[in-house]
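Note on naming: letters A, B, ... go to the chains in the order of the sequence lines (proteins, then strands), and numbering restarts at 1 for each one. Atoms considered below: every heavy atom in the structure, side chains included; atoms not considered: hydrogens, waters and symmetry mates.
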Amino acid sequence: MNLKHNNQERAAIFADPGVWLEGNALQQFERVANHEHCLRAAGMPDLHAGRGIPIGAVFAMEDAVHPLLIGSDIGCGVRVVPTTIRAGGIDKLERRVRAVLDDDLLAGLHVEAMKAAWAFGAQGLAAVEGLPDALRMLAAEEPPCARPLESSTKHLGMAKALGSAGGGNHFVEISKVSAIHDHDRAEALGLSAQSLVVVAHSGSRGLGYETQRSWSAEPLRGQQALKYLGQVTGACNFARTNRFLLSYRMLLAMRAARTSKVCGSLDLVHNDVTEAVVDGQEVWLHRKGAAPARDGQPTVVLGTRGSATWVMEGRGNAAALWSVAHGAGRRMGRSEALGKLRMKYKKKNLARSASGGRVICNKTDLLYEEHPDAYKDIEQIIHSLESFNMARPVAALEPLITVKQ
DNA sequence: ATGTCC
């Protein structure tokens, strides 16, 4: 690769030789890495092309914050909620999931919930009177969030997006712990063999989209940067709350929406900007589809609806900018997947994945675009993360019921 | 990705 090197480690892609990387994605990565203020760049093994900016990468930028590197889905991430419920009959579970999808989770308190979400994250829902008691009790267990500088009034129109996954690769699912690789770590996280787990992948919906739209493509410094970062904080709080609510809905279906049945939770943001020190220098760490992987801290790498999601333990690899892949990474673009997979699979066969999981999705195109075949092999991604000492496996979560709506 | 193009 033709990268300007200050030293050999300045920009690198952390993927095993066997991991396929699309030429366009490599070009996009190279272009950002060669930016004059990019101190370091790390490409994850799930690197794939985005709209100008590659997805599955981390960029350490000196001097300024670059909203363009974050894009519209500010605060996008993954939540994992382990439970004490043992995997059982899937038919009954699917019926219950379908039943709860019609409920109004927020009981008509969308605006109040959104204000609380923006300012305090999921914990804020505990203080919203009128919400269901079970929801408020679970919310009270949530960790506190950073406080944004501004209020949320500008984005109140986005309130109704709270509690639904959105489009694209977003989903909420019920999985089971199908394999445990590190018993001590798994136990510490509340993950026991064959127990049910909720996995939610979603972001800040239209709120992040509007935030991004309100800024130009220019890098931000000083007061401008602070203002943007405050909005990122609010969008991240909103996105975390959204994942909390998506998870809560699945917990309701599992009859597990109470603190005694929930074994903690993980919530990892893979699309944001944070402060860090790289090579002794303060930088803005832009994560674009890359999950944090600090030493000894848990992280999550998403599979597909037909392959396992992995809970891992970060190794704090500084060369990889303390990050891991956020998922399997696309092998095919959306239109490519639509074209190729429509030939290969009949629509009626898409309601179940090859591994037997159920899929609840009323958009036919999305079923093809997000088909497991459109993604790289998750095992290769996990192996890459191990071989580069970025993270090590803790437990595999096999999807049982995937909801995309 | 997007209260997403009608």
Side-chain angles (χ1 to χ4, degrees), chain A residues 24-25 28 32 44 46-57 66-79 101 104-106 108-111 113-115 117-118 152-172 200-215 217 228 231-232 234-236 238-243 245-246 268-273 286-291 302 304-305 325-330 332-338 361-371 374-375 403-405:
Chain A
N24 191 24
Q28 291 182 341
V32 181
M44 302 294 120
D46 62 335
L47 188 80
H48 58 282
R51 297 186 38 165
I53 307 299
I55 299 156
H66 297 248
L68 204 64
L69 291 183
I70 302 304
S72 64
D73 200 10
I74 302 163
C76 186
V78 182
R79 183 182 182 85
L101 290 176
D104 178 3
L105 272 187
L106 298 175
L109 295 166
H110 293 75
V111 169
M114 197 228 137
K115 285 182 176 174
W118 171 280
S152 62
T153 49
K154 178 167 86 162
H155 293 303
L156 286 181
M158 310 302 170
K160 66 179 176 184
L162 258 184
S164 58
N169 58 358
H170 290 171
F171 65 85
V172 60
H201 177 205
S202 188
S204 51
R205 313 293 308 277
L207 189 153
Y209 178 74
E210 290 300 329
T211 300
Q212 167 73 0
R213 266 165 47 99
S214 72
W215 294 92
Y228 171 74
Q231 293 173 0
V232 168
C236 285
F238 181 88
R240 277 185 203 275
T241 309
N242 202 33
R243 293 188 287 273
L245 287 168
L246 287 166
L268 283 299
V269 177
H270 54 231
N271 202 30
D272 68 354
V273 52
H286 297 71
R287 283 196 172 88
K288 179 68 175 173
L302 292 169
T304 69
R305 67 181 189 239
H326 77 311
R330 294 197 76 88
M332 302 177 195
R334 292 181 180 281
S335 55
E336 184 189 2
L338 205 51
C361 173
N362 46 27
K363 290 179 178 164
T364 305
D365 284 3
L366 204 52
L367 282 167
Y368 287 103
E369 290 167 10
E370 293 297 320
H371 193 278
Y375 283 85
V403 179
K404 294 186 70 67
Q405 64 179 53

Undergrad: Could you state the CG-P distance from D73(A) to dT2(B), rounded to the nearest angstrom?
TA: 5 Å

Undergrad: Would you mind reading off the distance between E369(A) atom CD and dT4(B) atom P, rounded to a whole angstrom?
TA: 16 Å

Undergrad: Is the backbone N or O of Y209(A) less than 3.5 Å from a side-chain atom of S72(A), with the two atoms forming a donor-acceptor pair by type?
TA: no

Undergrad: Among K363(A), R305(A), R334(A), which one satisfies salt bridge (charged side-chain N to carboxylate O under 4.0 Å, His left out) with E370(A)?
TA: R334(A)

Undergrad: Using atom CE of M114(A) as one end and atom P of dG3(B) as the other, report the distance to the nearest whole Å.
TA: 12 Å

Undergrad: Name the nucleic acid region contacted by K288(A), choosing base, sugar-phosphate or nothing; use a 4.0 angstrom heavy-atom cut-off, strictly under.
TA: nothing

Undergrad: Taking atom P of dG3(B) as reference, at what distance in whole Å does atom CG of L207(A) sit?
TA: 9 Å

Undergrad: Relative to the ring of H326(A), is the ring of H48(A) parallel (under 30°), tilted (30 to 60°) or perpendicular (over 60°)?
TA: parallel

Undergrad: Which part of the nucleic acid, if any, lies within contact of R213(A), taking any heavy atom under 4.0 Å across all strands shown: a base, the sugar-phosphate backbone alone, or nothing?
TA: nothing

Undergrad: Which whole-number value in Å describes the distance from R205(A) CZ to dT4(B) C1'?
TA: 11 Å

Undergrad: Starting at CD of Q212(A) and ending at C1' of dT4(B), how long is that distance when rounded to a whole Å?
TA: 16 Å

Undergrad: Categorize G157(A) for me: base, sugar-phosphate, or nothing, with a 4.0 angstrom heavy-atom threshold over every strand shown.
TA: base

Undergrad: With a non-hydrogen cut-off below 4.0 angstrom, is G208(A) in contact with a base, only sugar-phosphate, or nothing?
TA: nothing

Undergrad: For the pair made of CG in N242(A) and C1' in dG3(B), what is the distance, rounded to whole Å?
TA: 13 Å

Undergrad: Could you state the CG-P distance from D365(A) to dT4(B), rounded to the nearest angstrom?
TA: 16 Å

Undergrad: Could you walk me through whether V403(A) and L101(A) pass side chain to side chain contact (heavy atoms under 4.5 Å, CB included), step by step?
TA: CA-CA 9 Å; V403(A) 179; L101(A) 290 176; 3.9 Å; yes

Undergrad: Among dT4(B), dG3(B), dT2(B), which is the nearest nucleotide to the side chain of K160(A)?
TA: dG3(B)

